[in-house]
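Note that the coordinates shown come from a computational prediction; the quantities given were computed from them, not determined experimentally. When reading the values below, keep in mind they use all heavy atoms of this one structure, side chains included, and skip hydrogens, waters and symmetry mates. Below, chain A is the first sequence line, B the second, and so on; all start at residue 1.
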Number of protein chains: 2
Amino acid sequence: MTDLKSAEGRHGVALLYLREDELRRGIELLFFGYRDFIAESDGELETLGLGRAHHRALHFIGRKPDLSVNELLVILKITKQSLGRVLKDLSARGLVEQKQGRRDRRQRLLRLTEEGNVLHTRLLTGQRARIARAFRDAGPEAVAGFRKVLAGLISEDERSRVLAMIGQGS
Amino acid sequence: MTDLKSAEGRHGVALLYLREDELRRGIELLFFGYRDFIAESDGELETLGLGRAHHRALHFIGRKPDLSVNELLVILKITKQSLGRVLKDLSARGLVEQKQGRRDRRQRLLRLTEEGNVLHTRLLTGQRARIARAFRDAGPEAVAGFRKVLAGLISEDERSRVLAMIGQGS
DNA sequence: GATTTTAAGTCAGTCATGTTGACATATATA
DNA sequence: TATATATGTCAACATGACTGACTTAAAATC
């Protein structure tokens with residue numbers, strides 16, 4: 001009855017799920033859900049003297065071995081200098097190694113060491129457990145919706161590229 | 001055929017959406033979707049010399065005026081010292097004001113000034129536009145699924161409290 | 001009424017992670 | 001040969017978190 005601003009479709013149909021407070025709920029759910037999901041690995045990382053930045057790099061390197069530094073920069077959207085520090089830490093701890101590219105010898109291709117892979121797997125397993133529980137509790141249709149909405153939140157000019165990188169579907 | 005680890009239900013039914021790579025996709029979608037969603041307000045904030053921390057505080061104060069400092073601390077899950085700096089900035093810029101609680105005079109109740117409310121509205125409008133587009137493109141069922149999954153990602157021991165705070169449903 | 005707990009604020013120091021800007025080196029490409 | 005690209009590095013700085021210690025005022029409890 002109240003608070004239906006910008007929630008009327010062009011046929012006068014009330015699009016209830018687009019009401020202001022429904023949008024606010026979506027925004028806040030994203031905040032709390034993301035926060036708690038991401039906080040999960042923190043304990044494990046802390047014992048190793050690593051942070052979330054290291055985790056992100058580890059994730060994308062583990063996911064696609066022989067990734068170039070530049071590809072990783074594009075994925076993470078941080079500066080070369082920021083990533084440089086992270087990679088130095090990971091190398092120093094023997095979690096990541098770099099080798100010269102064969103086709104392009106300017107490139108330094110990144111991959112996890114065996115030890116790095118162990119950590120990557122351990123962290124990923126924890127995150128998968130959490131998201132798997134949420135997925136299972138919510139059911140397959142909900143999961144499809146979850147993806148659809150998140151895909152729509154990705155910057156339009158990168159969406160197709162990002163979705164292609166993430167994998168089929170979406 | 002391949003990669004069905006932990007994706008078989010106890011009846012042997014392949015729960016495709018729980019396959020390892022589907023979970024990974026979910027994790028990555030969350031990363032990219034959240035990142036781009038959150039990055040949106042940054043420009044506007046930067047021109048004011050404010051950051052995301054200020055935005056979060058502003059959001060929850062605007063959303064529930066006369067919030068106590070402690071309530072805000074619980075919501076944001078940061079330390080008193082971190083919040084202190086943020087509130088000092090917001091007060092100094094005349095965006096937030098504090099008044100003594102009447103029932104409990106130890107409390108400092110927070111609310112936005114008129115100017116603070118203008119900024120809050122401006123930022124929220126931008127975020128709403130983005131999420132509204134994603135919601136509209138995805139449709140109501142997808143939105144319901146989006147919420148269901150995100151609610152499931154919230155820490156179990158706080159979930160009901162957080163969901164109650166966010167609002168009806170979910 | 002005295003004691004303890006709670007709400008809030010503050011000072012000081014540290015850490016993680018991001019930023020700019022400038023510059024160097026090796027290699028690929030035009 | 002000249003230019004562009006991929007990477008790395010030095011230095012300085014900003015933001016937003018943290019810990020630990022301590023204060024003040026008010027409420028709650030003994």
Side-chain angles (χ1 to χ4, degrees), chain A residues 31 34-35 38-39 41-61 66-93 96-111, chain B residues 31 34-35 38-39 41-61 66-93 96-111:
Chain A
F31 169 68
Y34 184 81
R35 184 192 64 176
I38 231 46
S41 335
D42 283 359
E44 225 158 339
L45 288 163
E46 202 184 1
T47 67
L48 297 161
L50 300 175
R52 292 173 183 182
H54 301 93
H55 186 184
R56 290 193 287 272
L58 204 69
H59 175 90
F60 287 105
I61 296 169
D66 287 340
L67 196 70
S68 76
V69 170
N70 208 20
E71 286 175 303
L72 188 50
L73 278 176
V74 169
I75 290 172
L76 297 175
K77 269 196 196 169
I78 57 176
T79 58
K80 187 172 51 164
Q81 295 90 326
S82 296
L83 180 57
R85 192 174 29 202
V86 168
L87 289 180
K88 204 160 73 176
D89 291 347
L90 292 173
S91 290
R93 278 174 178 72
V96 163
E97 56 190 9
Q98 318 199 4
K99 65 174 182 197
Q100 200 169 45
R102 274 189 308 173
R103 275 200 340 227
D104 185 337
R105 289 184 313 179
R106 287 172 305 181
Q107 294 185 326
R108 294 301 124 96
L109 306 182
L110 304 163
R111 55 166 59 231
Chain B
F31 169 69
Y34 185 80
R35 184 191 64 176
I38 232 46
S41 335
D42 284 0
E44 223 157 343
L45 288 163
E46 203 184 359
T47 66
L48 298 161
L50 300 175
R52 292 173 182 182
H54 301 94
H55 187 184
R56 290 194 286 272
L58 204 69
H59 176 92
F60 287 106
I61 295 170
D66 287 341
L67 197 69
S68 76
V69 170
N70 208 22
E71 286 175 303
L72 188 50
L73 279 176
V74 169
I75 289 173
L76 297 176
K77 269 198 198 166
I78 58 176
T79 58
K80 186 171 48 163
Q81 294 90 327
S82 296
L83 180 58
R85 192 178 29 201
V86 168
L87 290 180
K88 205 160 71 177
D89 291 348
L90 292 174
S91 291
R93 279 174 177 71
V96 163
E97 57 190 7
Q98 318 199 4
K99 66 174 180 195
Q100 200 169 44
R102 273 190 309 173
R103 275 199 342 227
D104 185 335
R105 289 183 311 178
R106 288 172 304 180
Q107 294 184 328
R108 295 300 124 97
L109 305 183
L110 305 163
R111 56 164 61 232

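Taking all atoms of both residues into account, the shortest heavy-atom contact from A:A57 to A:V86 is CB-CG1, 3.9 Å. Minimum heavy-atom separation, B:L45 to B:G51: CD1-O, 3.9 Å.
Using the six-membered ring where Trp is involved, B:Y34 and A:Y34 have ring planes that are parallel, under 30° apart on the 30 and 60° scheme.
Close approach of DNA chain C to chain A, defined as any atom under 4.0 Å from a non-hydrogen atom of the protein, starts and stops at C:dT17 to C:dA28.
The 12-atom threshold is exceeded at NZ of A:K77, counting heavy atoms of other residues, nucleotides or ligands nearer than 6.0 Å.
Between B:L48 and B:D89 the shortest side-chain heavy-atom distance does not fall below 4.5 Å. Using a 4.5 Å heavy-atom cutoff, the side chains of A:H55 and A:L50 are not in contact. Between A:Q100 and A:R108, the closest side-chain pair of non-hydrogen atoms falls below 4.5 Å. A:K99 is listed as a side-chain neighbour of A:D66, based on a closest heavy-atom distance under 4.5 Å.
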task: Take A:H59 and B:F31 through the test side-chain contact (heavy atoms from CB on, under 4.5 Å) and record every step on the way to the result.
output: CA-CA 11 Å; A:H59 175 90; B:F31 169 69; over 6 Å; no
field: Stepwise side-chain contact (heavy atoms from CB on, under 4.5 Å) check, B:L87 with B:I61
entry: CA-CA 11 Å; B:L87 290 180; B:I61 295 170; 4.1 Å; yes
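Summarising the geometry, the separation between CD1 on A:I38 and P on D:dA17 is reported as 15 Å, rounded to the nearest angstrom. Spacing between atom NZ of B:K88 and atom P of D:dA17 amounts to 15 Å, rounded to whole angstrom units. Atoms NZ (A:K99) and P (D:dG8) sit 15 Å apart, rounded to a whole Å.
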task: Between protein and nucleotides 11-16 of chain D, map the contacts as a letter string: B base, S sugar-phosphate only, - none, heavy atoms under 4.0 Å, written 5' to 3'.
output: -----B
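At the heavy-atom level, B:Q98 lies under 4.0 Å from the strands shown only through sugar-phosphate atoms.
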Polar atoms only, N or O, under 3.5 Å: list the protein pairs with nucleotides 23-27 of chain D and their distances.
unit_1, atom_1, unit_2, atom_2, d
D:dA27, OP1, B:R105, N, 3.2
D:dA27, O4', B:R106, NE, 3.4

